[in-house]
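Presented below is the structure to which this report refers.
Labels below follow one simple rule: chain letters A, B, ... track the order of the sequence lines, proteins then strands, and each chain is numbered from 1. Just so you know, these numbers come straight off a predicted model, no measurement behind them.
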Amino acid sequence: MRIATFNINGVKARINALTDWLDEAKPDVALLQEIKSVDEGFPRELFEDRGYTVETHGQKGFNGVAILSRLPLEDVRRGLPGDDSDEQARWIEATVIGDSEAVRVCGLYLPNGNPVPGPKYDYKLAWMARMHIHAEMLLASEMPVVMAGDYNIIPQDEDAARPEAWREDALARPESRAAFRRLLNLGFTEAFRACNQAPGMYSFWDYQAGAWNRNDGIRIDHHLLSAEAADLLQDCWIEKEVRGREKPSDHVPVWIELAA
DNA sequence: ATGCCTTCAACGTGAAGA
């Protein structure tokens, strides 16, 4: 089972880039973030025509997440529990029925949190606290669990080309990193670092100031795997080449392959 | 650097991103 997470930065703006990528990369499951579309406006036929089941959790203008799957999906949940007043569409999960295993797959778009300090940073940390509680619930299911998406977290200095530029940023602040570590300490494995220890590996390059041409990137798109899922992990890689294509997103796909 | 670029909503220009 191959799962890719991809922050597409707007589904309408990315239709050509996204369908070209799907046709050639053929993920079994694609977790999309920042669809920036309501459910009714999501071009689901484009994906259904390619054999994908489509589940969305959208909102008007920004945010929004989706799951595309060539494998059967069951028990879809929309929204991160823990705050009924939260109207931001940043979480979707479903059970993917693989050939040999059923995997609980969560697609997430963690809040950016800038500027620091301020209400957006408070929201980010509160959202991570809610995610922590929900992650404990997921672990209790004893199913293989994958939580993947745009975490908006630079885990370590080696995950940024210019770590000093991010030191006071919500993506790298100590409180953000500590909340991410607390998730890992529940027993999750960060798939990319389980497979690859090389520095200079990024998943996002800003549109501004020639960041891509200078390889001035950060690694903020991650897959966190429960022990049951980590036992199935065969590989994890970043599809960097996608960033150099026509009209690209500012993020690229990050993949895992599971023996499921 | 309150900058740089891109998207969305809406049709001019501000919010949001990271």
Side-chain angles (χ1 to χ4, degrees), chain A residues 5-19 21 31-43 46 56-66 86-91 107-128 131 148-177 179-180 200-222 238 240 242-254:
Chain A
T5 177
F6 191 4
N7 180 322
I8 57 173
N9 188 19
V11 70
K12 295 176 193 73
R14 215 64 60 213
I15 282 178
N16 290 336
L18 183 56
T19 53
W21 172 73
L31 304 171
L32 306 181
Q33 299 91 38
E34 284 205 270
I35 64 173
K36 297 187 177 181
S37 165
V38 293
D39 295 335
E40 310 79 64
F42 192 80
L46 276 178
T56 61
H57 181 43
Q59 76 178 85
K60 188 180 175 75
F62 54 106
N63 299 331
V65 288
D86 184 3
E87 296 184 347
Q88 299 195 34
R90 296 178 174 276
W91 185 278
L108 66 104
Y109 176 44
L110 206 148
N112 173 302
N114 282 304
V116 180
K120 293 190 174 181
Y121 193 50
D122 296 341
Y123 175 69
K124 177 178 195 147
L125 296 177
W127 200 96
M128 294 186 79
M131 181 175 167
D150 178 358
Y151 276 73
N152 272 315
I153 296 281
I154 302 167
Q156 309 271 10
D157 279 357
E158 56 265 37
D159 299 310
R162 294 182 302 119
E164 69 288 350
W166 297 93
R167 195 139 287 143
E168 297 305 317
D169 192 281
L171 279 63
R173 284 280 306 164
E175 302 88 344
S176 304
R177 285 181 166 174
F180 184 74
M201 306 299 283
Y202 311 127
S203 65
F204 168 92
W205 295 261
D206 202 290
Y207 290 122
Q208 303 186 64
W212 167 246
N213 290 326
R214 297 185 292 113
N215 195 28
D216 179 11
I218 51 178
R219 195 175 68 87
I220 57 176
D221 298 272
H222 310 301
I238 297 171
K240 178 178 183 179
V242 169
R243 184 63 176 80
R245 297 187 184 181
E246 186 113 354
K247 208 172 185 321
S249 172
D250 40 8
H251 296 249
V252 297
V254 182

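Listed by first and then second residue, the ring pair (Phe, Tyr, Trp, His ring centres under 6.0 Å) pairs that reach into residues 149-175 of chain A are Y151(A)-F180(A), Y151(A)-H222(A), sequence neighbours excluded.
For E246(A), the CD atom is loosely surrounded, since the number of other residues' heavy atoms within 6.0 Å does not exceed 12.
Of the possible donor and acceptor atoms, one in the side chain of N152(A) sits under 3.5 Å from a partner among the backbone N and O of L110(A).
For the pair N7(A) and dG17(B), the criterion of a side-chain N or O lying under 4.0 Å from OP1 or OP2 is not met. Neither OP1 nor OP2 of dT6(B) sits under 4.0 Å from any side-chain N or O of N9(A). The shortest distance between the side-chain N/O atoms of R14(A) and the OP1/OP2 oxygens of dT6(B) is not below 4.0 Å. Not one side-chain nitrogen or oxygen of H251(A) sits closer than 4.0 Å to the OP1 or OP2 atom of dG17(B).
In this structure, the CD1 atom of I15(A) is 14 Å from the C1' atom of dT7(B), given to the nearest Å. Taking atom CD on Q88(A) and atom P on dC8(B), their separation rounds to 18 Å, with Å as the unit.
Between dT6(B) and dA1(B), the distance separating the two P atoms is 23 Å to the nearest Å. For dA18(B) and dC8(B), the P atoms lie 14 Å apart once the distance is rounded to whole Å. Taking atom C1' on both dA16(B) and dC4(B), the two are 16 Å apart, rounded to the nearest angstrom.
No engagement by K124(A) is indicated, since no non-hydrogen atom pair under 4.0 Å with the nucleic acid exists. Y151(A) comes within contact range of no nucleotide atom at all, as no heavy-atom separation falls under 4.0 Å. The residue R162(A) sits apart from the nucleic acid: no heavy atom pair falls under 4.0 Å.
With sequence neighbours left out, E158(A) forms a salt bridge (Lys or Arg N to Asp or Glu O under 4.0 Å) with no residue at all. Taking the ring pair (Phe, Tyr, Trp, His ring centres under 6.0 Å) definition, one finds that Y109(A) meets it with nothing, sequence neighbours left out.
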Worked check of side-chain hydrogen bond (donor to acceptor under 3.5 Å, both in side chains) between D150(A) and Q33(A): CA-CA 7 Å; D150(A) 178 358; Q33(A) 299 91 38; over 6 Å; no

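Ion pairing between R177(A) and D157(A) holds under the 4.0 Å rule for side-chain N and carboxylate O.
Of the residues in residues 110-122 of chain A, those placing a heavy atom less than 4.0 Å from an atom of DNA chain B are N112(A), K120(A), in numerical order. Using a 4.0 Å cut-off on heavy atoms, the residues of residues 201-219 of chain A that approach DNA chain B are F204(A), Y207(A), Q208(A), A209(A), I218(A), listed by number.
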Can you check nucleotides 9-13 of chain B for protein contacts, nitrogen or oxygen pairs under 3.5 Å, and list what you find?
unit_1	atom_1	unit_2	atom_2	d
dA9(B)	OP1	G61(A)	N	2.9

